[in-house]
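Contents: one structure, followed by commentary.
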Amino acid sequence: MKQGSFMSEKTAKIFVAGHRGLVGSAIVRKLQESGFTNLLLRTHSELDLTNQSDVESFFSTEKPAYVILAAAKVGGIHANNTYPADFIAVNLQIQTNVIHSAYTHGVKKLLFLGSSCIYPKFAPQPIPESALLTGPLEPTNEWYAIAKIAGIKMCQGYRIQHQWDAISGMPTNLYGPNDNFHPENSHVLPVDLSLR
C-alpha cells in the first residue's frame with residue numbers, strides 16, 4: 001500500500017465491504033498487519049448490500065472515512081452461464097448502493113475492485129488499461145464483466161461530476177484463502193486445487 005495520508009490514519013473508520021471473500025479478507029489482514037484499528041466489517045446477514053435502505057442506514061450511522069468495495073457476486077464459467085441475471089443485477093445493486101451512499105455520506109476515498117474480465121476477450125497481452133471497451137468481452141462472464149465496467153464508470157462519473165476521490169483497481173486472476181471452491185460454481189484453479 002502506498003504511503004500517504006490514508007496510511008497515517010490508523011484509527012480512521014474503514015468499511016471493507018466483502019471482508020470474508022478472497023480479496024476482501026486479504027485486504028483486512030493487510031490493514032490489520034499495518035496497524036489499522038477501526039475496521040467496519042459486516043457479514044451479509046448483518047448488512048445486505050443489495051438493499052438500498054439498509055446500506056443508506058449503515059452509512060448514516062457508522063460514517064466511515066474510507067471504503068474498500070470488494071463485495072461482489074462471483075463465480076466461474078458454470079455459475080455465470082447458469083445465473084446471468086443474478087450476476088449483473090446483484091453486482092449492479094451492490095455497487096450502486098455502496099458507491100452512492102459513500103458519496104452522500106462524505107466518505108473521503110472509495111476503492112472499487114473490478115476484475116481483469118472487464119477487458120476484451122482478445123485484448124493484447126499484457127493488457128493495457130486503454131484496452132477497456134475496445135472489443136467484445138469473453139461471453140462466459142460478460143454479465144459479471146458488464147456490471148464491473150459499470151462500477152468503474154460510476155467511480156469515474158463521481159470523480160468528474162463531484163470531484164470525489166473514487167478509484168478503481170483491477171485484481172488479476174487470484175486464488176487463496178476464502179476463495180470459492182464449489183465444484184460447479186468456482187473458477188477453474190480453485191476447483192482444480194480442491195480436487196487434488
Practice item. Assess whether side chain to side chain contact (heavy atoms under 4.5 Å, CB included) is satisfied between Val16 and Leu41, documenting all intermediate values. Key: CA-CA 6 Å; Val16 182; Leu41 310 174; 3.9 Å; yes
Review point. Would Ile146 and Asn91 count as a side chain to side chain contact (heavy atoms under 4.5 Å, CB included) if you check the C-alpha gap in whole Å, the side-chain angles of each, and the deciding distance to 0.1 Å?
Key: CA-CA 9 Å; Ile146 289 169; Asn91 285 302; over 6 Å; no
Point to revise | Nearest non-hydrogen partners of Pro171 and Gly169, listed with the distance | key: CD-O, 3.3 Å
Review point. In this structure, are over 12 heavy atoms from other groups packed under 6.0 Å from Gln52 atom CD?
Key: no
Point to revise | Where Leu113 and Ala70 come nearest, the two heavy atoms and their spacing | key: CD1-CB, 3.7 Å
**Study point:** Verdict with reasoning, Asn141 to Ile77, per side chain to side chain contact (heavy atoms under 4.5 Å, CB included)
**Key:** CA-CA 6 Å; Asn141 59 16; Ile77 293 170; over 6 Å; no
Practice item. Considering non-hydrogen atoms only, spot the tightest contact between Leu40 and Glu62 and give its length. Key: CD2-OE1, 3.6 Å
**Study point:** Heavy-atom closest contact (Phe87 atom, Gly75 atom, distance)
**Key:** CE2-N, 3.5 Å
Check your understanding: For Arg159 and Ile167, what are the C-alpha separation, side-chain angles and deciding distance, and is it a side chain to side chain contact (heavy atoms under 4.5 Å, CB included)?
Key -> CA-CA 8 Å; Arg159 262 184 108 77; Ile167 61 172; 3.4 Å; yes
Point to revise | Greater than 12 external heavy atoms within 6.0 Å of Lys109's NZ | key: no
**Study point:** Under 3.5 Å side-chain donor-acceptor pair for Asn51 and Ser53
**Key:** yes
Exercise for review: Indicate yes or no: does Lys108 engage Asp165 in a salt bridge with an N to O separation below 4.0 Å.
Suggested key: no
**Study point:** Heavy-atom closest pair, residues Tyr144 and Asn80
**Key:** CB-OD1, 3.5 Å
Using atom types as modelled, flag every donor-acceptor pair under 3.5 Å from a side chain in residues 118-137 to any protein atom, sequence neighbours excluded.
residue	atom	partner	partner atom	Å
Gln125	NE2	Ala123	O	3.4
Thr134	OG1	Ala131	O	2.6

Review point. Strictly by modelled atom types, are Glu9 and Tyr66 linked by a side-chain donor-acceptor pair under 3.5 Å?
Key: yes
Point to revise | Atom pair NE2 (His19) and CG (Leu39), whose distance is rounded to the nearest 0.5 Å | key: 10.0 Å
